[in-house]
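Data first, discussion second: the structure below is written as structure tokens.
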Amino acid sequence: MAGVITRLNKAKRNTRAAQDPAWVRWSLIGVSLAFLGLFLFVPLAAVFTEGLRRGVRVYLAAFQTPDALAAIRLTLLVAVIAVPLNLVFGLAAAWAIAKFEFPGKSLLTTLIDLPFAVSPVISGLIYVLLFGAHGLIGPWLMEHNIQLIFAVPGIVMATLFVTFPFVARELIPVMQSRGNDEEFAALTLGANGWQTFWRVTLPNVKWGLFYGVILCNARAMGEFGAVSVVSGHIRGQTNTMPLHIEILYNEYNYAAAFAVASLLSLLALVTLALKSLIEAQSAEQTQND
Amino acid sequence: MKGRNNELVFYCAPFFVQPNPYEIISINTQKPLTYCRFAVILFPLMRIAREHSPLPGFRLTLGYSVFYLSLIVLIPLGAAFLKTAGMTWGAFVEAVASPRVMASYRLTFGASLIAAVINSVFGLVVAWVLVRYRFPFKRVIDAFVDLPFALPTAVAGIALAAIYSKNGWIGHYLEMVGIKAAFSRLGVVIALTFIGLPFVVRTVQPVLEALEPELEEAAASLGANRWQTFRRVLLPPLYPSLLTGFALAFARALGEYGSVVFISGNMPMRTEITPLLIITKLEQYDYNGATAIAVVMLVFSFALLLGINLLQKWSLKEWSA
């Protein structure tokens with residue numbers, strides 16, 4: 001519905017009353033492009049240029065060191081754990097919030113957004129305060145020889161925290177806008193709860209779900225501040241790709257730092273491409289309904 | 001007045017949208033007033049009835065959501081507040097109000113504010129251009145606006161540092177006119193501008209798209225020039241979304257760490273942001289100091305989150321009115 005109105009408005013705006021003079025048009029376009037160029041395109045171009053500055057062989061060599069490979073492996077591992085866990089939570093929270101009325105609903109919705117309001121550094125800090133040597137249950141963990149902070153579990157937890165809202169906040173409005181009618185119809189026709197969820201709800205929200213997942217994944221692989229606090233920076237063991245970039249950069253090994261950075265930039269570009277694709281797809285879906 | 005109107009629309013909505021449940025009554029009784037009153041009573045009852053929805057899984061999904069939320073978010077956050085509860089008031093004040101910490105607040109808040117203002121001005125222009133004009137590669141550029149959401153902050157940090165350092169592509173021109181961009185406060189503003197760039201564009205864009213062209217036509221036919229139309233007719237409905245975008249960009253900038261540390265130079269009292277100071281305290285095993293500063297930041301962030309929520313409710317209201 002909103003899409004239809006937007007398109008109607010777009011068509012109507014071509015009347016003369018809503019047209020700006022050409023010089024206004026082109027100077028505003030110029031200002032926008034200069035601003036975006038300065039802050040978006042130049043930095044992105046710089047990553048690839050700096051990475052390739054000393055030739056393709058140096059560029060490729062940056063990925064073949066054991067530390068780099070360990071960092072890539074750890075980044076993938078963290079994402080593989082964190083994204084599905086937050087996906088399951090996102091589905092559960094969206095089902096409860098979009099399909100039912102209950103007291104405290106808006107409070108729950110606000111609390112889900114909470115991690116976005118917390119500085120990444122503080123997101124890491126709270127886990128140190130809980131599980132670190134001086135933390136609340138740190139001494140107990142030490143007694144039982146369990147190391148969570150400055151180890152992989154800590155990195156996973158910090159990543160879970162910072163990527164917590166992504167799937168839920170994408171899904172809730174999509175599910176809400178679909179209403180419950182189709183689910184009621186499925187139940188009336190004899191489907192059970194799971195069948196209704198898998199065959200009716202999930203196909204309806206698939207684009208919103210996919211959208212949330214790729215944003216969640218991009219953040220999980222790229223998180224720096226939170227992971228930096230809990231990682232302990234042990235090379236080859238608790239360094240993720242962003243932390244590896246920091247170490248290389250601080251060692252003045254710029255070519256390698258930018259080479260690894262270019263890999264994460266490619267991830268960002270793929271994320272953006274998928275995002276546009278999903279937006280186009282979901283627009284088509286609402287148009288067909 | 002606006003509020004009362006909304007309420008009216010709310011209760012009468014089933015009439016306009018889905019008249020069928022009441023149609024039968026209206027045919028039978030032929031008394032519009034009676035069924036209108038009936039509906040006013042019935043509609044809130046229907047809302048309550050929806051709580052007992054025939055859909056399954058309410059307890060399971062709500063229970064799991066609350067459990068997972070507590071485990072990942074609420075309990076760890078509570079730990080931070082518990083930690084400061086163990087501090088004496090004097091120690092707390094000393095930790096959060098020492099000159100070095102105060103300097104970091106000034107920089108963090110000041111630079112975040114400047115960056116959010118820059119983003120509001122240019123974000124509005126970018127949103128306007130993307131909605132209103134046609135030019136080559138528009139869709140690609142539109143997609144690129146979200147780059148700061150997708151690009152890891154550490155990557156942005158080293159890229160910005162490389163460009164704005166004195167040998168960099170842009171830094172070396174700035175150096176010629178005597179401006180030091182990287183390793184200065186200006187560097188902090190640059191990084192925070194990058195981080196907050198998408199917020200204003202993305203909050204203003206949909207509102208701008210939905211503005212009715214009839215308004216502009218009416219203004220033009222009544223003799224307003226283009227600038228007057230913009231100032232008096234187009235801009236006012238954009239204020240709520242503009243303010244929301246501003247607040248979101250500001251909130252994001254306050255906590256930002258990754259993109260800033262590479263370009264700021266991290267000099268105490270001069271270019272040291274508050275999140276970095278938390279890490280520094282932590283590395284010196286000053287857990288209490290780090291936690292106290294974190295709690296101050298958290299309280300401020302939560303207040304901001306609350307403000308943003310209220311703002312969004314307000315803009316939604318403006319939207320429906």
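Bear in mind that the values here come from a model prediction, so they are computed numbers and not experimental data. Every chain is numbered from 1 and lettered A, B, ... according to where its sequence line falls, protein lines coming before strand lines.
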Evaluate the salt bridge (Lys or Arg N to Asp or Glu O under 4.0 Å) criterion for residues B:Arg132 and A:Asp20: first the C-alpha distance (whole Å), next the side-chain angles of each, then the deciding distance (0.1 Å), finally the verdict. CA-CA 9 Å; B:Arg132 298 251 160 171; A:Asp20 298 324; 5.7 Å; no
Turns out that what part of B:Asp146 lies under 4.5 Å from chain A's heavy atoms comes down to both
Could you give the distance from CG (B:Leu160) to CZ (A:Phe39), rounded to the nearest 0.5 Å? 8.0 Å
For a quick test of reading the model, state the closest non-hydrogen atom pair linking B:Ile158 to A:Ala257 and the distance between them. CD1-O, 4.1 Å
Spacing of CZ belonging to A:Phe164 relative to CG belonging to B:Leu69, to within rounding of 0.5 Å: 4.5 Å
What part of B:Phe194 gets closer than 4.5 Å to chain A, counting heavy atoms only: side chain, backbone, both or neither? both
Taking all heavy atoms of B:Thr61 and all of A:Ala92, pick out the closest pair and write down the distance. CB-O, 3.3 Å
Geometric class of the B:Tyr257/A:Phe224 ring pair [parallel <30°, tilted 30-60°, perpendicular >60°]: parallel
Closest heavy-atom pair, A:Ile126 versus B:Ala80, reported as atoms and distance to 0.1 Å, is CG2-CB, 3.8 Å
Most heavy-atom pairs under 4.5 angstrom with chain B, which of A:Asn192, A:Leu114, A:Val118? A:Leu114
Parallel, tilted or perpendicular: which one describes the rings of A:Phe35 and B:Phe122, with boundaries at 30° and 60°? parallel
Proximal component of B:Leu305, with respect to chain A [non-hydrogen, under 4.5 Å]: side chain
Quick check on A:Arg25 against chain B: is it the side chain, the backbone, both or neither that has a heavy atom closer than 4.5 Å? both
Value rounded to 0.5 Å, distance of CG in A:Leu269 from CG in B:Leu151: 8.0 Å
Could you tell me which portion of A:Asn217 (side chain, backbone, both or neither) has an atom closer than 4.5 angstrom to a non-hydrogen atom of chain B? neither
Structural part of B:Leu60 lying under 4.5 Å from a heavy atom of chain A: neither
Heavy-atom pair of closest approach, residues B:Asn309 and A:Thr110: ND2-CG2, 3.1 Å
How close do A:His134 and B:Lys83 get, counting heavy atoms only, and between which atoms? O-NZ, 3.5 Å
Using every non-hydrogen atom in the two residues, find where A:Ser276 and B:Ala143 come nearest and quote the distance to one decimal. OG-CB, 3.3 Å
Is chain A contacted by the side chain of B:Leu77, its backbone, both, or neither, given a heavy-atom distance below 4.5 Å? both
Say you draw a straight line from OG of A:Ser119 to CZ of B:Arg252; how long is it, rounded to the nearest 0.5 Å? 9.5 Å
Is chain A contacted by the side chain of B:Ile163, its backbone, both, or neither, given a heavy-atom distance below 4.5 Å? side chain
